[in-house]
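To start, the structure itself, in structure tokens.
Numbers for residues simply follow the sequence, beginning at 1. On a predicted model such as this, the values are computed, not experimentally measured, just so you know.
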Amino acid sequence: MTTGGSPAPGSPVRDAADGPDGEVTVHAFGEAALLVDLPDLAAVRALHRALGDAPPGVVDVVPAARTVLVRCATPADVPAARAWLRAAARRASTTGPTTHVGELVEIPVRYDGPDLDDVARWAGLSVEEVVARHHGREYEAAFGGFAPGFTYLSGVDPAIAAPRLATPRTRVPAGSVALAGGLTAVYPGESPGGWRLLGSTDARMFDVDRDPPALVAPGARVRFVPVRAAVAGGVGALVPTRAERQDGSPGTPRVQPAQVTSPSPPAPRALEVLATGPLALVEDAGRPGLAAVGVGPSGAADRASYALANRLVGNPDGAAAIEVTLGGLAVRFAGGAVVALAGAAVPAGVDGSPVGMHAALRVPDGGTLRLGLPAHGLRTYVAVRGGLRPPAVLGSRARDVLAGLGPGPLQPGDAVAVGAAPSGRWPWPDVAPVRFPPGEPRPGERAGAVLEVLPGPRSDWFLPGAGHALRALRTVTPDSDRVALRLDGQAVPRRPGELASEGLVRGAVQVPPDGRPVVFLADRPVTGGYPVIGVLRERDVDRAAQLRPGDRVILRLATTV
């Protein structure tokens, strides 16, 4: 399919490899990821088992309903990942079906769900028979997604495989045991949802203080054990009562975010928060490697600006810094500090004296750094030599606003520890040259930004004219955040429906049924059920993270890959 003489939107770059069904299709999914199409969930499981140890550079593997996503650290790691996938597909095709012997997890269930009667009517069975058919089978954990700890379990008895609700509930309680078609699962936290609710459990499906954090990981075997009341102990260890839990964000497990402490007075080598502006978060390089259990990588939204700020103060890669949205931050340093500002340019000062962007700055003991409002751009990064040291969650100090993981948003009165300065000599840098300040239009750009989109994997989902519609001038809407950039403007024509859930990457341009593109950013969901028309080039994802509501955007299809 072509549209107006341009490449077909979403025309995938692919190759073929031997696989469980004789052939698999491998799509380039942006510059640093690959998406493997497979005929069914059984083929996904076979390929996932055959993968073995990942080569260096592969940071996440996300099995889904009919796909496997492989995400790499850099574009240079993709060729080795492609060869690894092809070899695994050949192994899966030659070994044939295998008996799965993963770890068995037993989950106690009270079969008291509000949809039991409806499922019984749909199946033409009694409620007792539905319950017996649900707990009388052993399930395999096929893939994770939707929320941390939400694991899709395959093997539902076809006699009770009722479809999901026509209208999803706005609130599904944490611990709900549910099914939808041939899959069953447990909601780890309170969230919206459209699955049929059969019962409830007190098993803690996700716990940041547990290793591994997910009770059920892909590949495990699961058996539901009916109980009349909560039981203690067992593999499905019980959680505190709902009254004792802490609230989490919708669609996320109810876990207590690791908050920064507020000692008085601040300890040496610490910063005290005096003001935050609209939003100030601690961010680092994120927590890769957990996508298979529903935990996204998160991390700094504008990775280039974050990395530059850390380099200017001599920090190692991955050191935690402050991500400031629309300025307004004021912090006082106990013990003095060396800091650097990068990203959206803001007027700034130390104890009232103006300081500049993109250079190392010395702040005296008790000195105060204040940031004003940026004229362009959205996010400014404040790096401190030694890095910030709030409590880590799952190996990272990044705040994931979708999952509710990591240190909470900074508040006035918070004190955040600063780590020891890196050892070794460090050359005091001059001002770093930044050719195009983040958020400012580049020469020749009439819009807020022109973002280049590489072809995506789902060309068959888009109708004639989709390429032309994608290039229309768009406006960033006020409901944009670290999860996604939401764009208003001309609808991109696509066929109706949802595809089977599959992995997502940063920069993926998803088109929901209303046709208005969504560009996923740092705190994106792990999987999604709408087609991806393309993926931003790596350099343009950081630019997208600097766009603010009201900015204009053009999504331009790449003519070369």
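In this structure, the side chain of Ser298 engages the main chain of Arg399 through a donor-acceptor pair within 3.5 Å. In this structure a side-chain-to-backbone donor-acceptor pair under 3.5 Å is missing from Asp77 to Cys72. Side-chain N or O atoms of Arg66 include none that pairs as donor or acceptor with a backbone N or O of Asp37 at under 3.5 Å. Panel note: side chain Tyr306, backbone Ala320; no donor-acceptor pair is recorded below 3.5 Å. Side-chain atoms of Arg524 never come within 3.5 Å of backbone atoms of Leu402 as a donor-acceptor pair (strictly under, hydrogens ignored). A donor-acceptor contact shorter than 3.5 Å links the side chain of Arg385 to the backbone of Val313. Listed for the Thr151 side chain is a donor-acceptor partner under 3.5 Å among the backbone atoms of Val216. No donor-acceptor distance shorter than 3.5 angstrom exists from the side chain of Arg556 to the backbone of Glu452, with no hydrogens or angles considered.
Rounding to the nearest 0.5 Å gives a distance of 15.0 Å between OH of Tyr381 and CG of Leu312.
Every residue two or more places apart in sequence or in another chain that forms a salt bridge (Lys or Arg N to Asp or Glu O under 4.0 Å) with Glu323 is listed here: Arg379, Arg482.
Checked against the 6.0 Å centroid threshold, Phe150 and Trp195 count as a close aromatic pair.
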Mind listing the side-chain donor-acceptor pairs of residues 515-522 below 3.5 Å, one per line with the distance, residues two or more places apart or on another chain?
| residue | atom | partner | partner atom | Å |
| --- | --- | --- | --- | --- |
| Arg516 | NE | Asp488 | OD1 | 3.2 |
| Arg516 | NE | Gly489 | O | 3.4 |
| Arg516 | NH1 | Asp514 | O | 3.2 |

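Screening residues 296-307 for salt bridge (Lys or Arg N to Asp or Glu O under 4.0 Å), with sequence neighbours left out, gives Arg303-Glu538, Arg303-Asp542.
Taking the charged nitrogens against the carboxylate oxygens, Arg486 and Asp481 do have a contact shorter than 4.0 Å, which makes a salt bridge.
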